[in-house]
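One structure is given here, and the rest of the page talks about it.
Sequential numbering from 1 along the given sequence is applied to the chain's residues.
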Amino acid sequence: MKKWIVMLFALLPSLVMAAGANVPLDAANNDLSDKASLQRGAKLFMNYCFACHSTQYQRYQRVADDLEIPEDLMMEHLVFDQNAKIGDLMENAIPDATAGEYFGAAAPDLTLVARVRGTDWIYTYLRSFYVDPSRPFGVNNVVFPLVGMPHVLEELQGTPRKIFETVQVDGKEVQEFIELRSDGNGELSEDEYDDAVRDLVNFLEYSAEPIKLERQQMGWWVIGFMVIFLILSYLLKKEYWRDVH
C-alpha cells in the first residue's frame with residue numbers, strides 16, 4: 001500500500017502540469033528545420049522570457065552552433081549577463097526567492113516545456129491572454145485560468161479582450177464568449193503576432209530536444225539497415241538449409 005502512495009505522489013507534479021482548461025488547441029505547425037525561425041524564436045525568448053524563465057539545460061554555445069549564430073553576435077545580442085561566457089548554461093539572473101515574492105512562485109525552467117506541455121498547448125496559451133482586472137497582473141488566460149504570469153508579449157500583440165455576443169438560452173438573453181480580440185495597439189498585426197509566437201514555440205521545441213531532427217534522420221538509416229540485414233539473414237538461412245530440404 002505504501003508503495004502505491006509513494007508512486008501517486010511521484011506522479012502528482014506531472015498530473016498537475018497536464019491539467020488545464022478544456023480548450024481546443026490550435027496547431028503550432030512549426031518547423032525545426034527553419035533556422036531563420038529558430039533564430040527569431042531565440043531572440044524573442046531571450047528578450048521577453050529569459051528575465052524570469054531559464055533554459056538551464058542548454059548552453060549558449062550549443063544554441064549558437066545549432067542555430068548558426070556567430071558567437072560574437074550571440075554574446076552581443078542574446079546574452080545579457082556581462083559575466084556570462086559562451087560555454088555557460090542558460091540560467092537567468094532572478095533568484096528563486098525574489099521570483100516567489102513577485103509572482104507567488106519561482107518561474108519554471110522552460111528547457112523541457114515543449115515535451116511536457118506540447119507545442120500546440122504553448123502556441124495556444126501565448127495567444128490566449130486577456131484583460132482581467134481581478135488578477136494581480138491585470139490579465140488572465142483562457143487555456144491556463146488564474147495564471148500567475150503577466151502577458152509579457154502584450155507590447156507585440158496589443159491588449160487582448162474577451163468578445164461576447166448575446167444569445168438566447170431558454171428564452172433568456174445571455175452573454176456568450178466567442179473570441180479574443182486585440183485592441184490593435186500592439187507592434188504587430190494579428191498574423192504577424194501568430195508568426196512570432198510560432199517562432200518562439202519553434203525555439204522551445206528545439207530546446208527540449210536539440211537532437212530531434214538528427215535522431216529522426218538516424219531512425220531512417222536504422223530502419224534501412226534492418227531491412228538489408230533481414231534480406232541478408234533470409235538469404236543466409238536459405239543457403240544453410242538448402243541441403244536439408
Minimum side-chain heavy-atom gap [X]-[Y] below 4.5 Å:
X	Y	value
Gln61	Met74	no
Leu32	Lys212	yes
Lys162	Glu179	no
Asn185	Glu155	no

Side chains of [X] and [Y]: donor-acceptor distance under 3.5 Å anywhere?
X	Y	result
Glu154	Thr159	yes
Ser189	Asp191	no
Tyr193	Glu187	no
Ser37	Asp199	yes

Check the orientation of Tyr125 and Phe144. Use parallel for under 30°, tilted for 30 to 60°, and perpendicular for over 60°.
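Tilted, since the angle between the ring planes falls between 30° and 60°.
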Should the pair Phe203 and Tyr206 be assigned to parallel (<30°), tilted (30 to 60°) or perpendicular (>60°) ring geometry?
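It falls in the tilted class, 30° to 60°.
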Are any of the side-chain nitrogens in [X] or [Y] under 4.0 Å away from the carboxylate oxygens of its partner?
X	Y	value
Glu209	Arg215	yes
Arg127	Asp194	yes
Arg198	Asp195	yes

Reported OH-to-CG distance for the pair Tyr123 and Leu200, which is rounded to 0.5 angstrom
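Answer rounded to 0.5 Å: 11.5 Å.
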Closest non-hydrogen atom pair between Ser54 and Met90, with its separation
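Minimum heavy-atom contact is CB-O, 3.4 Å.
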Determine the minimum heavy-atom distance between Asn202 and Asp34, stating which atoms define it.
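Asn202 and Asp34 have their closest heavy atoms at ND2-O, 4.1 Å.
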How is the hydrophobic cluster of Leu232 composed, in terms of its other members, when Ile, Leu, Val, Met, Phe, Trp and Tyr link through side-chain heavy atoms under 4.5 Å apart, directly or indirectly?
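So far as hydrophobic clustering goes, Leu232 is joined with Ile228.
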Under the side-chain contact (heavy atoms from CB on, under 4.5 Å) test against Tyr57, which residue among Asp109, Leu110, Leu89 passes?
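Option passing the side-chain contact (heavy atoms from CB on, under 4.5 Å) with Tyr57: Asp109.
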May I ask you to check whether over 12 heavy atoms, not counting those of Tyr130, lie within 6.0 Å of atom OH?
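Yes, because the 6.0 Å sphere around OH of Tyr130 holds more than 12 heavy atoms from other groups.
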